[in-house]
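Take a look at the structure set out below.
Values reported hereafter were calculated over all heavy atoms of this structure, with side chains retained and with hydrogens, waters and symmetry mates removed. Quick caveat, the model's predicted, so the values are computed rather than measured.
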Amino acid sequence: MGNMDISPLADRIRPKSLKEIVGQGHLLEKDKPIYKIIEADRLFSIVFWGPPGTGKTTLARILANETKAHFVEYSAVTAKKQDVLRVVAEAKQRLETSDQRTILFIDEIHRFNKAQQDAFLPYVEDGTIILIGATTENPSFRIISPLLSRCQVFVLNELSEKDLEKIVDRGAKELAIKIPAKAKDFLVNYANGDARQALNVLETTAKLYQEITVENIKSALQSKFLRYDRAGEEHYNTISAFIKSMRASNTDAALYYLARMVNAGEDPLFIARRMVVFASEDIGLSQPTALVVANSVFRACETIGYPECAINLAHGVTYLSQAKKDRSAYNAYFTAMEDVKQHGNLPIPLKLRNPETKLMKGLGYGKNYEKYDTGSLLPDQLKNKKYYLKP
């Protein structure tokens with residue numbers, strides 16, 4: 001068995017150029033941000049924010065390769081402050097001797113504490129290193145403001161089913177196996193937008209069985225050793241089960257998945273943030289106090305920490321699980337956002353514009369501005385549109 005058989009399938013078929021990447025067209029297509037960075041050969045510090053398995057590491061490596069920059073990769077889970085300082089020293093020497101830039105890629109950068117982030121802030125600021133961070137968490141919550149202000153944040157989207165189908169086909173070709181349509185559909189649905197997970201399951205199934213079928217994929221999934229890895233897929237599987245249990249008003253299941261996360265040492269703020277989002281997204285107007293409770297739980301986790309804040313989490317989870325659910329405000333907002341993206345900045349009706357001069361009043365700006373209006377206040381093109389539908 002050669003070296004190619006040793007490395008994971010996801011690494012063996014990892015794209016080497018922008019043309020090979022599936023998905024993320026909003027960043028990679030011609031005249032989009034990453035395309036322009038490479039075309040102009042103008043590197044700057046970046047944070048890639050997106051779900052797992054969407055290509056954050058791949059993009060960082062391609063940026064380095066295409067711009068001929070030296071590439072150094074670390075995971076925030078294992079990297080130490082002295083590792084970063086050593087990279088900085090080598091980067092300085094490299095700039096002096098060959099004028100070659102150094103990209104320092106930090107996976108899961110949100111796991112660096114403030115002191116670790118402070119350590120390389122001056123070197124990002126003076127250009128000694130080009131920092132590229134990857135995170136599944138909102139950078140605003142976990143990356144210090146001075147560092148974040150020196151980075152451009154690019155959001156990667158969850159891969160679509162069509163994207164995953166293309167990636168699975170590549171994996172099957174590399175493994176020299178055939179995958180029936182039903183098995184492919186099952187695998188794509190299970191992967192939930194995560195290309196790495198789809199490829200890992202495909203490879204495991206291929207190693208255990210001679211053919212790829214739905215039943216064989218299910219058996220391969222059952223054979224995996226169950227664990228909670230804060231840096232791996234079980235982390236995302238458990239938080240997904242946690243949210244879905246609260247959404248189904250299944251308090252027992254929600255508390256069980258909470259206990260699994262707490263027992264594994266999951267960051268309580270990670271759990272509490274998801275609860276704050278859940279309070280508005282899934283409970284919404286049916287019980288507005290849910291947001292107050294969720295925010296209070298988050299604050300308690302901030303100020304108290306483990307082990308006591310686990311009780312605050314349990315209190316909040318029980319409350320959110322039992323609350324009535326209403327996604328009408330959430331759905332209304334995203335429906336409106338679709339129109340904003342589709343139609344752009346439609347003209348605001350004249351009667352809603354703020355009259356600042358007599359000339360504007362003469363043109364009809366702000367007519368009856370101080371009075372209530374029962375008619376449509378949307379732009380003419382959308383005047384009959386209804387976003388908020390009462391449940």
Besides Val88, the hydrophobic cluster formed by Ile, Leu, Val, Met, Phe, Trp and Tyr side chains linked at under 4.5 Å, directly or via other members, contains Val47, Trp49, Val72, Tyr74, Val84, Leu85, Val87, Leu104, Ile106, Ile109, Phe112, Phe120, Leu121, Tyr123, Val124, Ile129, Leu131, Ile143, Ile144, Leu147, Leu148, Val153, Val155
Could Glu39 and Lys30 be called an ion pair, given the rule that one side-chain N must be under 4.0 Å from one carboxylate O?
no
> If we only count heavy atoms from C-beta on, is the Leu9 to Asn200 side-chain gap below 4.5 Å?
Replying inline: no
Practice item. Could you tell me whether a side-chain N or O of Arg273 sits under 3.5 Å from a main-chain N or O of Asn138, the two making a donor and an acceptor? Key: no
*Hey, any chance Val276 and Phe270 share a hydrophobic cluster, counting ILVMFWY side chains that come within less than 4.5 Å of each other, even indirectly?*
no
d(Asn216 CG, Thr204 OG1) to nearest 0.5 Å is 12.5 Å
Q) Should the pair Arg327 and Tyr330 be classed as cation-pi, given the thresholds of under 6.0 Å to the six-membered ring centre and 45° from the axis? A) yes
NZ/NE/NH1/NH2 to OD/OE distance under 4.0 Å, Arg260 and Glu266 = no
Yes or no on side-chain contact (heavy atoms from CB on, under 4.5 Å) for Ile130 and Ile46, after CA distance, side-chain angles and deciding distance? CA-CA 8 Å; Ile130 307 296; Ile46 293 170; over 6 Å; no
* **Side-chain touch Leu313/Cys301, heavy atoms, less than 4.5 angstrom** => yes
If we ignore angles and hydrogens, is there a donor and acceptor under 3.5 Å between the side chains of Asp163 and Ser160?
-> yes
Going by the angle between their ring planes, with limits at 30° and 60°, are Phe154 and Phe44 parallel, tilted or perpendicular?
tilted
Tyr209 and Ser219 have their tightest heavy-atom pair at OH-CB, 3.0 Å
One should read off an interatomic distance between Phe242 CZ and Asn237 CG, to the nearest 0.5 angstrom, of 15.0 Å
All heavy atoms of Leu199 vs all of Gly171, minimum pair found to be CD2-CA, 4.0 Å
- Within 6.0 Å of CD in Glu302, more than 12 heavy atoms from elsewhere: yes
4.5 Å side-chain heavy-atom contact, Glu161 and Leu164
no
_For Thr318, is there any backbone N or O sitting under 3.5 Å from a side-chain donor or acceptor partner on Ser321?_
no
task: State, yes or no, whether a side-chain contact exists between Phe48 and Leu63 at a heavy-atom distance under 4.5 Å.
output: yes
- Would you say the side chains of Lys325 and Ser249 form a donor-acceptor pair under 3.5 Å? yes
Determine whether Ser45 and Arg150 satisfy the following criterion, side chain to side chain donor-acceptor pair (under 3.5 Å), listing intermediate values before the conclusion.
CA-CA 7 Å; Ser45 292; Arg150 289 160 177 81; over 6 Å; no
task = Would you confirm whether Gln197, through its side chain, and Gly53, through its main-chain N or O, come within 3.5 Å as a donor-acceptor pair?
result = no
Query raised in the report: Tell me, do Lys166 and Arg170 make a side-chain contact under 4.5 Å, heavy atoms counted?
Result: no
Tyr333 meets the ring-ring contact (aromatic ring centres under 6.0 Å, His included) criterion, sequence neighbours left out, with none
| Any salt bridge between Lys173 and Asp169, counting N to O under 4.0 Å? | no
* Asked: Salt bridge or not for Asp11 and Arg14, using N-O below 4.0 Å?
  -> yes
Looking only at heavy atoms, the pair that brings Leu159 and Gly23 closest together is CD2-CA, 4.3 Å
In terms of heavy-atom contacts, Asn65 and Lys16 come closest through ND2-O, 4.0 Å
Q.
Can you see whether Tyr319 engages Thr289 through a side-chain donor-acceptor pair at a distance of less than 3.5 angstrom?
A. yes
(Q) Please determine whether the number of non-hydrogen atoms from other residues, nucleotides or ligands lying under 6.0 Å from atom CG of Asp126 exceeds 12. (A) yes
Begin with the C-alpha distance, continue with both residues' side-chain angles, and end with the deciding distance and a verdict on side chain to side chain donor-acceptor pair (under 3.5 Å) for Arg12 and Ser7.
CA-CA 7 Å; Arg12 300 206 303 270; Ser7 60; 4.8 Å; no
Interatomic distance, CZ@Phe278 vs CD@Glu281, rounded to 0.5 Å, equals 8.5 Å
Open item on the list: Check this for me: does any side-chain nitrogen of one of Asp83 and Arg86 sit under 4.0 Å from a carboxylate oxygen of the other?
Closed with: yes
>> For Glu29, is there an ion pair with Lys32 - N to carboxylate O distance below 4.0 angstrom?
In response: no
Checklist entry - Is the side chain of Ser286 donor-acceptor paired with the backbone N or O of Lys324 at a distance under 3.5 Å, no angle test? => result yes
Tightest non-hydrogen contact, residues Ser328 and Asp326, listed as OG-OD1, 2.7 Å
